[in-house]
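For reference, the structure discussed in these notes is given below.
Each chain gets a letter, A, B and so on, in the order the sequences are listed, and its residues count up from 1.
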Amino acid sequence: MFIPLLGLEFIENRKERERETSSPINNASKMEMETEVSAEKKEIVVLLVGPPGSGKSTFCESVMKSSHRPWSRICQDIINNGKAGSKAQCLKMAIESLKEGKSVFIDRCNLDREQRSEFIKLGGPHVEVHALVLELSAQVCISRSVKRSGHEGNLQGGRAAAVVNKMLRSKELPKLNEGFSRILFCYNDADVENAVKTYTMLGPMDTLPSGSFGLKNPDTKSQPGIMNFFKKVSAVPAASSSSNEVTTPKANEKIEIFRVSPAKLVVPTLAFPSISTADFQFDLDKASDIIVETAEAFLPKLGSARLVLVDLSHGSTILSLVKAKASRKNIDSGRFFTFVGDITKLHSQGGLHCNVIANAANWRLKSGGGGVNAAIFKAAGPDLEAATRARANTLLPGKSVLVPLPSTCPLHNAEGITHVIHVLGPNMNPNRPDCLNNDYTKGCKILREAYTSLFEGFLSTVQDQSKLPKRINQATVLDSGEEDSERNKKFKGTIASNTKSGSVDDSGKKRSKGWSSWALALHIIAMHPEKHENIVLESSDHIVVINDQYPKARKHVLVLAREESVDGLEDVGRENIQLLEEMQNVGMKWVQRFQHEDPSLIFRLGYHSVPSMRQLHLHVISQDFESDHLKNKKHWNSFTTSFFRDSLDVLEEVKSQGKANLESEAVLKGELRCNRCRSAHPTIPKLKSHIRTCPSPFPHHLLQTSRLLARPDSSN
DNA sequence: GTTCTAGAAC
DNA sequence: GTTCTAGAAC
C-alpha cells in the first residue's frame with residue numbers, strides 16, 4: 001500500500017513547482033520555468049484492465065470529476081454514437097485526444113496482451129502508457145454486472161455472468177515488457193480508492209514513477225530450456241540401454257539422418273489419452289462407450305489411418321473397458337486399438353509410430369498441472385507453447401485445437417510428431433473450473449463433442465497428408481550393431497581426455513592447444529552426429545544442424561562444419577569454399593522453413609569473428625532477439641556488431657583474398673545499440689524493451705545486400 | 001558457452 | 001531496496 005503513496009509524495013513535489021510556475025508575479029522566471037517543465041510534459045494513456053463489472057468506468061469518472069489534468073474517457077461500449085464500437089474507433093479517438101493535449105483513459109476490458117498491444121503503440125517521447133489493473137474477484141464483477149441496469153455496454157442480467165466468466169478465461173495480466181511505463185494493480189476497493197487519488201492528484205505537468213506496483217502472486221513461470229548437450233551426451237545412451245518394457249526400436253532410425261517426416265509415414269496415426277477420466281473424474285464406463293462409439297463412427301472416414309487410445313499403466317481400467325467394448329463391436333483392431341506407454345515417447349520407447357498426438361489440455365492451454373498435459377508441454381519445449389499461442393488462448397469444453405509442431409521441436413524431431421491436438425473435455429471434479437455437478441446428460445454430450453472435434457482435427461491432417469507422395473519407411477532396415485553402453489564409455493573418455501589441464505583464456509581456448517570441456521560440445525556433435533540423434537536436426541557428410549542450446553532469438557540454429565581441423569573462422573581458407581557454400585545453402589533452407597511457419601521472421605546468417613566454442617559454426621538467427629537467454633552485452637554485440645560476419649561476406653572474402661576478415665573481440669565491450677535504429681541504451685533490459693517496439697527499418701547496408709533475409713510480403 | 005553472486009548503480 | 005553488470009568458477 002505504501003507504493004501509491006510514494007507516487008503521491010512525488011506529485012506533491014511537482015505540485016509545489018507547478019504552483020510556482022503559475023504564479024503571475026515574475027513573468028520572466030515563469031517563462032523559464034514553463035519551458036523547463038513543458039520539456040518534460042507528457043500525456044498519459046491509461047489502459048483500464050478488467051472484466052465487465054470491475055469498475056473501470058466508475059474509476060474514470062471518479063478521476064475526471066476532480067482532476068486538473070484534461071482527460072478523455074474512451075469507452076468502446078458507447079463510442080459509436082452511444083452504441084458499442086470497434087477497437088479501431090477507440091484508437092482513432094485516442095490519437096485525436098492526445099493531439100488535443102488530453103490524457104486518455106481506454107475504458108474497455110483490455111484483458112489480453114493482443115488486445116492491449118495496439119494501444120501501447122500510442123506511447124512515445126511525449127506519451128506514457130499506463131495500465132490500471134482491476135483485479136477484483138470474479139464474483140464481485142459478476143454480481144455487479146448482473147445487478148446493474150442501464151449499463152452502457154447493455155450487459156446485464158444472466159448473460160453478464162457468462163460473458164465475465166468467458167473473458168476471465170483468456171485474461172493475461174499486463175507486464176512492463178509489453179511496453180507499459182507503469183502498471184498499478186488493485187485487488188479491492190481500498191486499492192481502487194488509492195488509485196483514484198493518485199490519478200486525480202496528477203496535474204497537467206506531473207508524472208508518476210514508472211514501474212509495476214501492487215502485484216500479488218506474480219507469475220514466476222520460467223521457460224524450460226531446450227535440450228542440454230552435456231546432459232544428453234551421457235544420459236541418452238545410458239537410458240536406452242536400460243528399462244524398456246516394450247520393444248526398443250532406437251536402432252531402427254539409424255540410417256535416417258533426416259528424422260521421421262510425415263511423408264515417410266506409411267500409416268497416419270493419432271495417439272490420444274482418455275479425455276476427462278483422470279483429473280476431471282468422468283465416469284469410466286460412460287467414457288469408454290463414448291470413445292468406442294465415436295471411434296467407430298470415424299474409422300470409415302479415416303481411410304487407413306489409425307486411432308490409438310494410450311494410457312501409462314498396464315492396469316488402466318479405461319483401456320481394458322475400451323478394448324473389451326471395441327472387440328464386442330468387431331471394430332478393426334488394426335485401425336483402432338489401445339496402447340500402454342508414455343504418449344510423448346511412443347516411438348522411441350514403445351515402437352509405435354504416431355504422427356499426431358492429442359493432449360488432455362486445460363482451458364487456458366497452459367503447460368503444467370501434471371498428467372498428460374504437463375508431459376506433452378515438457379517434451380515439446382517452448383516451441384509448443386508458442387505454436388499453441390499462435391492458434392488460441394483458451395479452449396472450451398468439447399472443443400479442440402490443432403497445433404502444427406515446428407520442425408525444430410524435440411517432439412517432432414525425436415518422435416516424428418507433426419501435430420498436437422489440444423482437447424478439453426467436460427469436468428466432473430468440483431475442485432476444477434466449470435464442474436458439471438454430476439450432470440451426465442450434458443457431460444456425455446460434451447465428451448462426445450470433444451472426441452468428435454479431436455478426430456475431425458486428425459482427419460484434417462490425414463487429408464493434408466494424402467496430398468503428399470507416400471514413401472516407404474526404410475528406417476527399419478539397418479542397425480549399426482554397436483553396444484550403447486560401450487559407446488557411452490568411449491564417449492565420456494573423449495571428453496575427459498580433453499579436460500585435463502592447461503590455462504584457459506576467456507573464449508574457452510587453451511593458449512597452447514586444446515579447449516575447455518564446455519567449449520567442445522559442438523565439436524563432439526559434429527564429429528559424431530549419429531550419437532546425438534535427439535538433438536541433430538539434419539546432417540550430411542559435411543554439415544550438422546542443431547538448435548542452439550541457448551537460443552538468443554525466437555529461431556536460432558547452428559550449422560556445424562564437420563571438418564576436423566576447422567575450429568573457427570580464422571582457420572577458414574580457399575580449400576573450404578565448398579564447405580562454406582554448403583553451410584550457407586543449408587542455412588538458407590532453414591530460413592525458408594522457419595519463414596514458412598512464420599513469415600514475419602527475419603534472419604541473418606553469419607559467423608562470430610572469434611568463436612567461444614570449437615568447430616566452425618554458422619549462426620542462423622532471427623532478428624527479433626526475443627529470448628531469455630540473451631542476457632548480456634557480449635551476447636548482444638556478438639550478433640549485432642561487425643563481430644558478426646555475414647556468411648555472404650565471408651564467402652566473398654575467402655574467394656577473393658583467401659581468408660575472412662575478423663573483427664576484434666574489443667567490439668563486444670562497446671555500447672548497446674539497437675540493431676534497427678542504432679540508438680544506444682544503458683542496460684540490456686532497456687535495450688530489450690526498446691527493440692520490441694522499435695519501428696525503424698534495418699540499416700541500409702543489410703537491406704541492400706540481402707544479408708538480411710525477410711519475406712518480401714512481411715511488413716518489416 | 002552458462003551459472004553464480006558481490007557490489008555498483010539507481 | 002531492487003536491478004543490473006561483470007568477474008570467477010566451471
note: A:K634, atom NZ; B:dG1, atom C1'; distance rounded to Å ~ 8 Å
Q: Might you confirm whether atom NE2 of A:H542 has over 12 heavy atoms from other residues, nucleotides or ligands at distances under 6.0 Å?
A: no
Only one of A:R593, A:K555, A:R554 passes salt bridge (Lys or Arg N to Asp or Glu O under 4.0 Å) with A:D598, and that residue is A:R554
Applying ring-ring contact (aromatic ring centres under 6.0 Å, His included) to A:H681 and not counting sequence neighbours gives A:H690
So, A:E663 and A:S609: side-chain donor and acceptor under 3.5 Å apart, yes or no? no
* Asked: Between A:H619 and A:H556, what is the ring plane arrangement, given parallel below 30°, perpendicular above 60°, and tilted in between?
  -> tilted
Here the distance between atom P of B:dC10 and atom NE2 of A:H681, to the nearest Å, is 16 Å
Atom NE2 of A:H556 and atom P of B:dT2 are separated, to the nearest Å, by 10 Å
Rounded to whole Å, CG of A:L520 lies from P of B:dT2 at a distance of 16 Å
### Task
Evaluate the ring planes of A:F594 and A:F603, with Trp represented by its six-membered ring, and classify them as parallel (under 30°), tilted (30 to 60°) or perpendicular (over 60°).
parallel
All N/O pairs under 3.5 Å across the protein-nucleotides 4-8 of chain B interface:
none

A:L630 CG to B:dG1 P, in whole Å, measures 11 Å
To the nearest angstrom, the CD1-P distance between A:I684 and B:dC10 comes to 16 Å
TODO: Identify whether any heavy atom of A:K552 sits under 4.0 Å from a base atom; if not, whether one sits that close to sugar-phosphate; answer base, sugar-phosphate or nothing.
DONE: sugar-phosphate
**Request:** Mind checking A:H617 for me? I need base, sugar-phosphate or nothing, with any heavy atom below 4.0 Å counting as a touch.
**Result:** nothing
Has A:K631 got a side-chain N or O lying under 4.0 Å from the OP1 or OP2 atom of B:dT3? yes
Check: Between B:dT2 and A:H635, is there an OP1 or OP2 to side-chain N/O distance shorter than 4.0 Å?
Finding: yes
note: A:R614, atom CZ; B:dG1, atom C1'; distance rounded to Å ~ 16 Å
Rounded to whole Å, NE2 of A:H629 lies from P of B:dT2 at a distance of 8 Å
Decide, yes or no, whether a salt bridge links A:K366 with A:E385 under the criterion of side-chain N to carboxylate O below 4.0 Å. no
